[in-house]
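First listed ligand is number 1; within each ligand, the first listed atom is number 1. Predicted, not measured: the structure shown is a model, and the values here were computed from it.
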Amino acid sequence: MSEILDAVLAGASPETLAELPMATTTRAVFVRRDEQHMFEGLSSAEKDPRKSLHVDEVPVPELAPDEVYVAVMASSINFNTVWTSIFEPLSTFGFLDRLAKESIWGARHALDYHVVGSDASGVVLRAGSMVRNWKVGDEVTVHCNYVDDQDPSSHDDSMLASNQRIWGFETNFGGLADVCVVKANQLMPKPTHLTWEEAAVNALCNSTAYRMLISHNGAPVSEGDKVLIWGASGGLGAFAVQHVLNSGGIPVGVVSNDAKAKLLRDLGCEHVINREEQGYRFWIDEHTQDESEWRRLGKDIRALVGSDPDIVFEHPGRQTMGASVFVAKRGGTIVTCAATSGYMIEYDNRHLWMRLKTIKGSHFANYREAWSANQAIVDGRVVPPLSAVFPLEGTGEAAFEVHHNRHEGKIGVLCLAPKEGLGVSDPALRARVGEDRLRVFRRASEG
Ligand code: NAP
């Protein structure tokens, strides 16, 4: 790998890169099949990613004709790596075993280890024989929608394909490694004004927020729309806020401390609710919700922006869904992509039907949506919410931070990149976007 890294850092030509021998093994972060029951009997909070995420050399698999090897310069922590590392809601080895039944290429994925990671920035090292639009040496970011084109449904919206998967979560050979394997239709151009680690933290969360709030497949924001955003300084929320602002909407960001509230204001989100300060208790006990607390949240939103939210950006799930359905305006939409606090949801259906509201399910993004979301980063319209950077060996620690909600925005992970700050090829664009804007989350985490 060191020869490959030296060549990438020296800006070697595609010909030179192509001539270098391909690595047969790679450093990678993985969970082990024989440890998938290691946390049984523990609460979620007690399950420790630092114990289950290992870093070691693993073999580089054979390349399928529609795939490329990417020399990964940087990757990021997504919540799905937390899920994999605590084996919740189920072990991801089941996903790999199902994929293995699909084809001979799918069979490569069912191993005794699962290499995780659903984001990456890097350089194409080799391209399979069917790859048309990408070549060795291309600087890329990777989105995580893993689909084939042999399902008719995928030709309208690839997220509807029956075998749609999330790379590095429902497939093996993910981005938290020095070399990853991806389908060519996961590649997107790396934003030239960003460092490797800034470029690596966007694709998963940015594309998801884009589909939820910009695409016609989600709940597209119109000028003047008020949008309640839970976890507004978290991975998804940081992108949601920027997309709402760029669309002329009015975000109301919910966070859980003052530092995050300040961060949001620095990002341009004027209206912020600190949920800890307000002390909302939507649940009286495990089975009972308190409508008066939903009402209190609704009043707080009206006090800030004058009316009920047109759209609620949902992902905390069980803890907040009742409140989200209640506070959405008459005819409004609750768009949801997750359920961090529990997926068995309860809300008062009367508030949904009598007030003609819609709950819209959303999941990642199709290639077009991911590409458009990436373009917003490429143009500098959306900035990466990178708050901290860990070495690959520190992935367990980084996932622990995310598991315990101790982070802001996104955590980057250096894979082949030997240090931070490398990879910018358009400093003039970087200057135009502004170092200050690019470092909003970094500054906040540095205090
Ligand atoms: P994240 O970086 O941890 O941010 C989530 C934010 O939610 C936190 O910053 C926290 O903000 C807030 N939060 C957590 N628990 C909460 C609760 N009980 N009530 C209210 N707010 C709460 O995670 P993320 O990357 O944004 O992902 C969030 C969820 O979406 C995860 O479950 C993830 O797996 C899922 N996801 C799904 C997709 C998809 O395609 N379906 C894509 C990306 C992520 P405060 O504490 O500041 O309020």
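- An N or O contact shorter than 3.5 Å links S256 to ligand 1 by distance.
- The protein non-hydrogen atom at the shortest distance from atom 44 (C) of ligand 1 is L236 CD1, 3.7 Å.
- Ring orientation note: the planes of Y210 and H243 are nearly perpendicular, at an angle over 60° on the 30°/60° scale.
- At least one N or O atom of G235, backbone or side chain, sits closer than 3.5 Å to an N or O atom of ligand 1.
- Not a single donor-acceptor pair under 3.5 Å links the side chain of T141 to the backbone N or O of S121.
- The aromatic ring centroids of F95 and F169 lie less than 6.0 Å from each other.
- From the protein, the heavy atom lying nearest to atom 12 (C) of ligand 1 is G231 CA, 3.6 Å.
- Here the protein heavy atom with the shortest distance to atom 33 (C) of ligand 1 is F79 CB, 3.4 Å.
- Considering all non-hydrogen atoms of both residues, W167 and V181 come closest at NE1-O, 3.2 Å.
- Considering both main-chain and side-chain atoms, W83 comes within under 3.5 Å of ligand 1 through a nitrogen or oxygen pair.
- A donor-acceptor pair under 3.5 Å is absent between the side-chain atoms of Q278 and the main chain of R275, judged by distance alone.
- Regarding atom 37 (C) of ligand 1, its nearest protein heavy-atom neighbour is C337 O, 3.4 Å.
- With sequence neighbours left out, the ring-ring contact (aromatic ring centres under 6.0 Å, His included) criterion links Y367 to H143, W371.
- Nearest protein heavy-atom contact of atom 32 (O) of ligand 1 is T340 OG1, 2.8 Å.
- Taking only non-hydrogen atoms, the option from G234, S76, A338, C144 nearest to atom 35 (C) of ligand 1 is A338.
- Of the possible donor and acceptor atoms, none in the side chain of S222 sits under 3.5 Å from a partner among the backbone N and O of D225.
- H404 has its ring centre less than 6.0 Å from the ring centre of F400.
- Residues in residues 230-244 take part in no salt bridge (charged side-chain N to carboxylate O under 4.0 Å, His left out) pair, two or more places apart or across chains.
- Ring planes of F93 and H114: perpendicular class, angle over 60° (limits at 30 and 60°).
- Protein heavy atom nearest atom 48 (O) of ligand 1, with residue, atom name and distance: R275 NE, 2.7 Å.
- Looking at ligand 1, you'll find an N or O of H363 within less than 3.5 Å of one of its N or O atoms.
- At least one heavy atom of L204 lies less than 4.0 angstrom from ligand 1.
- Atom 9 (O) of ligand 1 has as its closest protein heavy atom N405 OD1, 3.4 Å.
- Distances from atom 7 (O) of ligand 1 to the heavy atoms of M212, K260, H315 show the closest one on H315.
- Residue contacts with ligand 1: H407 is included, with a non-hydrogen atom under 4.0 Å away.
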